[in-house]
Amino acid sequence: MTTYNYGTILYSDLYDEILSVIGEYYNYLSLSINSKSSGTWSITIENRTDSKLTCEYNSKMCNLNDAKYWTNLEDISTVTISSGSKAIVYISENWFATSIACSYIVDGFRIITYANKLKKSGSLSCYYSVVIED
C-alpha cells in the first residue's frame, strides 16, 4: 500500500491575504515627508503603537517589491521611537529606486510600512505588509 503526504498549497495571493489579516492585529508605522534637499529626503516615522519600538529603515531608496517583502535591503539603519512619538530620518535617492521602507518586529512578524511616488510637495503613496521573520 502506498501512502502519500497531503497538504494545501498556499499560492502567493492566499499567502499575502493571510499575512494581511495578521497585520490587522498590529499598528503600522506612519511615514510623512518633511523635505527634499540634494537627493536626500527628510522623512518622519511615527510610532502609533503602545510600545517603544526599535524601527529599521533602509537609508537609501529601494525597489517597491524589496520594500514590500523587506528583501535585498543593504543599507538598513535603526532608530528607537517611544510610543506615540516621531523620529526624523534621512533617506538618499538611489539609481532607479523609487520606494522607502521602515519596519519593526513583533511576535515573529515583520510589520512593514513602505511608500513610493514621493513628491517634494509632501505627498506619497503608502502601503503596508507583513512577513514572517526567520
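With rounding to the nearest 0.5 Å, the separation of CD in E46 from OG in S85 is 8.5 Å. How far CD1 of I43 is from OG of S32: 7.5 Å, rounded to the nearest 0.5 Å. Atom NZ in K36 sits 11.5 Å away from atom OG in S92 (nearest 0.5 Å). To the nearest 0.5 angstrom, S30 atom OG is 6.0 Å from Y128 atom OH. Note that SG of C62 is 13.5 Å distant from NZ of K68, once rounded to the nearest 0.5 Å. Atom OG1 of residue T44 and atom CG of residue L31 lie 9.0 Å apart, to the nearest 0.5 angstrom.
A donor-acceptor contact shorter than 3.5 Å links the side chain of T49 to the backbone of S51. The main-chain N or O of N34 is never found under 3.5 Å from a side-chain atom of S42 such that the two would form a donor-acceptor pair.
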Starting from the C-alpha separation in whole Å, work towards a yes-or-no answer on side-chain contact (heavy atoms from CB on, under 4.5 Å) for I81 and I45. CA-CA 9 Å; I81 310 173; I45 303 174; 3.8 Å; yes
Test log, rule side-chain contact (heavy atoms from CB on, under 4.5 Å), inputs S129 and Y114: CA-CA 8 Å; S129 66; Y114 60 104; 3.8 Å; yes
So C55 and L29, side-chain contact (heavy atoms from CB on, under 4.5 Å) or not? Walk me through it. CA-CA 9 Å; C55 302; L29 299 167; 3.9 Å; yes
Please evaluate residues I111 and I105 with respect to the criterion side-chain contact (heavy atoms from CB on, under 4.5 Å), reporting the C-alpha separation (whole Å), side-chain torsions for both, the decisive distance (0.1 Å), and the verdict. CA-CA 6 Å; I111 312 302; I105 298 172; over 6 Å; no
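The two residues K120 and W41 have their closest heavy-atom pair at N-CH2, 3.9 Å. Residues Y104 and T54 come closest through the heavy atom pair CB-O, 3.8 Å. Closest non-hydrogen pair, L118 versus T98, comes out as CD1-O, 4.1 Å. Considering all non-hydrogen atoms of both residues, Y57 and Y90 come closest at CE1-O, 4.1 Å. Shown here for I112 and A67, the closest heavy-atom pair between the two residues is CG2-O, 3.4 Å. When all heavy atoms of N47 and S82 are compared, the closest pair comes out as ND2-O, 3.3 Å.
The shortest side-chain heavy-atom distance between T80 and L53 does not fall under the 4.5 Å cut-off.
Of the charged side-chain nitrogens involved, at least one lies within less than 4.0 Å of a carboxylate oxygen, so that R110 and E56 count as a salt-bridged pair. Between E74 and K60 there is no salt bridge, since none of the side-chain N atoms of the basic residue sits less than 4.0 Å from a carboxylate O of the acidic one.
Hydrophobic clustering keeps F96 apart from M61 (ILVMFWY residues linked when any side-chain heavy atoms are closer than 4.5 Å, directly or through intermediates).
Side-chain atoms of S59 and D75 include no donor-acceptor pair closer than 3.5 Å.
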